[in-house]
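Working notes for the structure below.
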Amino acid sequence: MGPPDPILGVTEAFKRDTNSKKMNLGVGAYRDDNGKPYVLNCVRKAEAMIAAKKMDKEYLPIAGLADFTRASAELALGENSEAFKSGRYVTVQGISGTGSLRVGANFLQRFFKFSRDVYLPKPSWGNHTPIFRDAGLQLQAYRYYDPKTCSLDFNGAMEDISKIPEKSIILLHACAHNPTGVDPRQEQWKELASVVKKRNLLAYFDMAYQGFASGDINRDAWALRHFIEQGIDVVLSQSYAKNMGLYGERAGAFTVICRDAEEAKRVESQLKILIRPMYSNPPMNGARIASLILNTPELRKE
Amino acid sequence: MAASIFAAVPRAPPVAVFKLTADFREDGDSRKVNLGVGAYRTDEGQPWVLPVVRKVEQLIAGDGSLNHEYLPILGLPEFRANASRIALGDDSPAIAQKRVGSVQGLGGTGALRIGAEFLRRWYNGNNNTATPVYVSSPTWENHNSVFMDAGFKDIRTYRYWDAAKRGLDLQGLLDDMEKAPEFSIFILHACAHNPTGTDPTPDQWKQIAAVMKRRCLFPFFDSAYQGFASGSLDKDAWAVRYFVSEGFELFCAQSFSKNFGLYNERVGNLSVVGKDEDNVQRVLSQMEKIVRTTWSNPPSQGARIVATTLTSPQLFAEWKDNVKTMADRVLLMRSELRSRLESLGTPGTWNHITDQIGMFSFTGLNPKQVEYMIKEKHIYLMASGRINMCGLTTKNLDYVAKSIHEAVTKIQ
């Protein structure tokens with residue numbers, strides 16, 4: 001019998017608890033000041049707009065809703081980003097953060113032949129380890145959190161990363177590190193980028209809180225964008241579970257920054273080969289909502 | 001500058017059925033017909049959102065108490081239980097005995113994948129990638145990939161379609177089962193076999209079950225067309241329910257893409273039938289682990305629609321009616337196409353068009369004839385000769401029939 005999930009199992013135990021004083025400080029979902037789930041106003045508006053259009057339910061392409069993936073890439077990379085404008089990227093719709101991470105992990109397992117090792121920060125989100133393991137990769141770690149100071153162990157991280165074998169994969173939390181909440185400052189990110197570049201590592205960014213962390217979309221994506229500008233090889237997983245409150249709709253995306261648009265097409269074709277035997281094509285609802293919000297100026301502002 | 005880390009990534013070929021639709025879209029000929037991808041179309045050639053689905057969506061939209069919170073890992077409980085009840089029957093003894101578990105999956109594909117991953121890890125030993133997996137010849141092409149990507153190394157075919165007699169090769173099928181190693185996994189199409197549209201009769205299913213029981217073979221049903229095939233939910237579930245009544249432990253991957261028209265919401269369910277409650281609970285606990293690293297938890301919208309419909313007697317009746325509408329139109333197109341071909345005197349026999357069941361028909365056209373249909377007549381169908389009956393309408397029936405006649409008489 002498998003043990004309950006370490007994170008979601010807490011919520012299940014909470015639900016079973018009959019004590020009136022119970023509090024759930026477990027699972028990562030936003031709660032308002034009354035402890036209730038919060039559906040964003042712009043989400044409600046987008047849903048109303050979608051319902052009014054009475055659209056059909058035809059299958060999405062394997063890579064997902066094009067308006068969504070394009071807007072997702074632009075949100076992460078920035079509209080003025082050279083990588084975005086040149087089209088040297090591929091973004092596929094994923095099943096929220098987990099699904100995007102997993103598709104990316106499977107892709108690297110199949111095509112990134114330089115290393116089997118993924119370096120996670122210590123600690124990291126509990127589900128990272130089994131995701132990469134199930135994808136057939138091996139897990140290693142680099143120092144990140146210093147429990148003595150409750151802050152970043154910057155020297156420890158720099159030291160560990162400088163020893164990572166070349167061409168390994170390093171996972172980085174783009175912002176709002178889960179579970180510690182400790183993020184590097186920009187000057188520290190610059191130094192981290194420098195050593196990642198020196199070691200020729202592939203940077204796998206997990207961005208589940210863009211906009212949610214600091215309130216500023218661009219600020220939260222600064223590290224990701226900096227790494228790309230430095231010419232580091234980058235892949236990225238995005239989630240819209242928290243920043244749009246779309247948890248159960250499973251809206252997410254996986255992006256590979258490529259040399260050029262031709263390479264992006266090759267990579268995309270292989271991502272589709274991975275996705276089709278997993279779930280054929282992604283769910284429409286969350287992506288439609290997210291796409292409408294990102295592509296409609298008034299909603300995006302909200 | 002150093003070579004790209006992705007320099008060695010080859011360009012993968014496009015998935016055939018989607019390439020077909022892409023080519024169709026680009027075709028400027030006004031007579032064009034798409035008989036490729038498997039989605040229902042109305043007589044006007046349009047997608048059809050079921051009226052009951054629109055109604056339920058309004059109910060959901062109007063329900064202020066609903067939010068977008070995460071579903072449990074295994075999915076929406078009301079959806080799971082009711083989806084399995086649809087497959088196994090209201091009076092299913094297995095359900096009454098609590099030896100049925102359910103996992104909400106992303107469409108039928110997702111349900112298949114979770115089942116495949118579980119079997120690879122926990123069936124016939126631990127992580128036994130050598131367990132043979134048998135798929136029908138032919139089968140939905142994605143079956144191979146699902147089981148391969150789940151880690152199985154030995155995927156074989158069992159004889160199924162007899163091209164000469166245009167029907168089921170029962171002897172070949174039973175023979176392959178006799179010779180299969182014990183504990184092999186067999187992917188069975190619950191009804192409306194894709195792509196041939198040819199199903200075993202109840203009597204033939206009984207023979208299949210007898211061999212499988214004797215050889216200790218594992219039945220993994222793929223049920224993507226329940227209700228859609230014959231118009232009757234119970235009739236289309238007969239084979240699955242028979243196997244359950246014969247005491248098999250089995251999986252059944254269900255899709256609600258076609259019978260609910262919920263294609264892009266990705267609504268599926270994996271029904272797990274075990275010997276007893278304890279076994280099923282342990283199986284589910286391991287499937288939970290697999291789900292957690294694949295998509296964490298499934299999308300809620302489609303499951304809500306199905307659960308709401310199945311738990312309301314009135315909505316359930318409306319749904320069955322909608323399903324019958326679709327099934328009836330398909331049956332009508334079958335008989336209309338057949339009668340036209342027979343009137344034209346098209347060489348060959350055409351009763352297989354109406355003998356076959358479900359969305360698809362294996363016309364018997366060979367690749368050269370298919371190429372003629374596409375290039376000369378702008379009628380798009382799979383190289384195997386498979387057509388989607390839903391692509392036929394009262395407006396294009398004559399054109400399609402005449403074109404088939406030409407292809408058969410001009411091209412050998």
Side-chain angles (χ1 to χ4, degrees), chain A residues 1-3 5 8 12 27 29 37 39 43 47-48 51 54 56-62 95-99 102 111-114 127 130-131 133-134 167 202 233 241 245-250 256 258-259 263 265-267 269-270 272-274 276-286, chain B residues 2 4-15 18 37 39 46-49 53-54 57-58 61 67-73 105-110 113 142 145-146 148-150 257 261-266 281-282 285-286 288-290 292-302:
Chain A
M1 179 93 181
D5 184 87
L8 302 177
E12 278 159 37
V27 77
V39 178
V43 168
E47 286 180 298
K54 295 210 180 315
D56 66 38
K57 296 202 177 286
E58 291 301 286
Y59 287 125
L60 280 178
I62 300 175
I95 313 299
S96 203
T98 300
R102 180 59 181 273
F111 292 105
F112 189 75
K113 290 310 180 189
F114 310 97
N127 207 18
I131 288 172
R133 184 171 294 148
D134 281 5
K167 292 195 154 180
L202 170 65
D233 288 312
L246 288 175
Y247 308 95
E249 303 297 338
R250 321 310 292 131
V256 180
C258 301
R259 279 297 160 87
E263 181 172 278
K265 281 272 160 245
R266 272 186 289 119
V267 170
S269 73
Q270 294 296 346
K272 281 153 74 164
I273 297 285
L274 277 164
R276 174 112 167 114
M278 255 193 212
Y279 51 84
S280 272
N281 42 74
M284 168 63 103
N285 205 40
Chain B
S4 162
I5 52 175
F6 302 121
V9 174
R11 183 75 176 253
V15 177
F18 299 127
V37 76
Q46 293 303 312
W48 192 52
V49 177
V53 167
R54 285 264 184 252
E57 282 187 315
Q58 296 300 329
N67 52 43
H68 292 291
E69 290 300 291
Y70 289 128
L71 284 183
I73 299 175
L106 264 79
T109 305
R113 181 60 177 266
N142 207 17
S145 313
V146 168
M148 254 194 318
D149 280 14
S257 290
L262 287 174
Y263 307 95
N264 69 25
E265 303 283 3
R266 316 310 295 123
Q281 286 312 309
R282 280 183 283 109
S285 74
Q286 293 299 342
E288 208 178 78
K289 301 228 149 317
I290 296 168
R292 182 69 167 137
T293 62
T294 313
W295 55 64
S296 262
N297 42 78
S300 60
Q301 182 70 353

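Since we're looking at a predicted model, the values are computed, not measured. The chains referred to below are lettered A, B, ... by the order of the sequence lines, with proteins before strands, and numbering in each begins at 1. Only heavy atoms go into these numbers, but all of them, side chains included; no hydrogens, no water, no symmetry mates.
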Nearest heavy-atom contact between B:Thr293 and A:Ile131 is CG2-N, 3.7 Å

Assert top hit (heavy-atom pairs under 4.5 Å, partner chain B, pool A:Asn285, A:Asn127, A:Leu60) equals A:Asn127

Original post:
So do A:Val39 and B:His68 actually touch side chain to side chain, heavy atoms under 4.5 Å?
Top reply: yes

When every non-hydrogen atom of A:Tyr279 is compared with those of B:Leu106, the smallest separation belongs to CB-CB, 3.6 Å

Looking only at B:Thr294, B:Ile5, B:Ile73, most heavy-atom pairs under 4.5 Å shared with chain A are made by B:Ile5

Does any non-hydrogen side-chain atom of B:Asn297 lie less than 4.5 Å from one of A:Arg250?
yes

| query | Is there a donor-acceptor pair closer than 3.5 Å between any side-chain N or O of A:Arg102 and the backbone N or O of B:Trp295? | reply | no

So, the part of A:Glu58 with a heavy atom under 4.5 Å from chain B: the answer is both

Contacts of B:Gln286 meeting side chain to side chain contact (heavy atoms under 4.5 Å, CB included) (sequence neighbours excluded), chain-then-number -> B:Phe118, B:Trp122, B:Lys289

Nearest heavy-atom approach of B:Pro13 to A:Ile273 is O-CD1, 4.0 Å

Cut-off 4.5 Å, heavy atoms of chain A, and the answer for B:Ala150 is neither

Turns out that what part of A:Phe112 lies under 4.5 Å from chain B's heavy atoms comes down to side chain

The interface call for A:Ser96 against chain B, heavy-atom contacts under 4.5 Å, is neither

Are side-chain heavy atoms of A:Pro130 and B:Arg292 found at a separation under 4.5 Å? no

When the 4.5 angstrom heavy-atom criterion is applied to B:Phe6 and chain A, the contacting part is both

When the 4.5 angstrom heavy-atom criterion is applied to A:Lys113 and chain B, the contacting part is neither

Worksheet item: If we only count heavy atoms from C-beta on, is the B:Pro10 to A:Arg266 side-chain gap below 4.5 Å?
Response: no

Interatomic distance, OG@B:Ser145 vs CG@A:Leu274, rounded to 0.5 Å, equals 10.5 Å

Highest number of heavy-atom pairs under 4.5 Å with chain A among B:Met148, B:Arg54, B:Glu288, B:Glu265 belongs to B:Arg54

Rounded to the nearest 0.5 Å, the OG atom of A:Ser280 sits from the CZ atom of B:Phe18 at a distance of 6.5 Å

Backbone of A:Pro277 reached by a side-chain donor or acceptor of B:Arg113 within 3.5 Å: yes

Nearest heavy-atom contact between A:Ala29 and B:Glu69 is CB-OE1, 3.8 Å

So, the part of B:Ala61 with a heavy atom under 4.5 Å from chain A: the answer is neither

message: Within the structure provided, determine whether A:Lys272 and B:Val15 are in side-chain contact (heavy-atom separation under 4.5 Å).
response: no

Ranking B:Pro298, B:Ala39, B:Ala8 by heavy-atom pairs under 4.5 Å to chain A gives rank one to B:Pro298

Bottom line for B:Gln46: the part with an atom under 4.5 Å from chain A's heavy atoms is neither

Cut-off 4.5 Å, heavy atoms of chain B, and the answer for A:Glu47 is side chain

Apply side chain to side chain contact (heavy atoms under 4.5 Å, CB included) to B:Arg266 and A:Asn281, showing your working. CA-CA 8 Å; B:Arg266 316 310 295 123; A:Asn281 42 74; 3.1 Å; yes

Is there side-chain contact between A:Tyr247 and B:Ser300, with at least one heavy-atom pair below 4.5 Å? no

If one checks every heavy atom of A:Pro3 against chain B at 4.5 Å, the contacting part turns out to be both

B:Arg11 and A:Gln270 have their tightest heavy-atom pair at C-NE2, 4.1 Å

Okay, B:Val49 and chain A: the region with an atom under 4.5 Å from a heavy atom over there is side chain

Counting distance only, does the side-chain N/O of B:Asp149 pair as donor-acceptor with the main-chain N or O of A:Met278 below 3.5 Å? no

Bottom line for B:Glu57: the part with an atom under 4.5 Å from chain A's heavy atoms is side chain

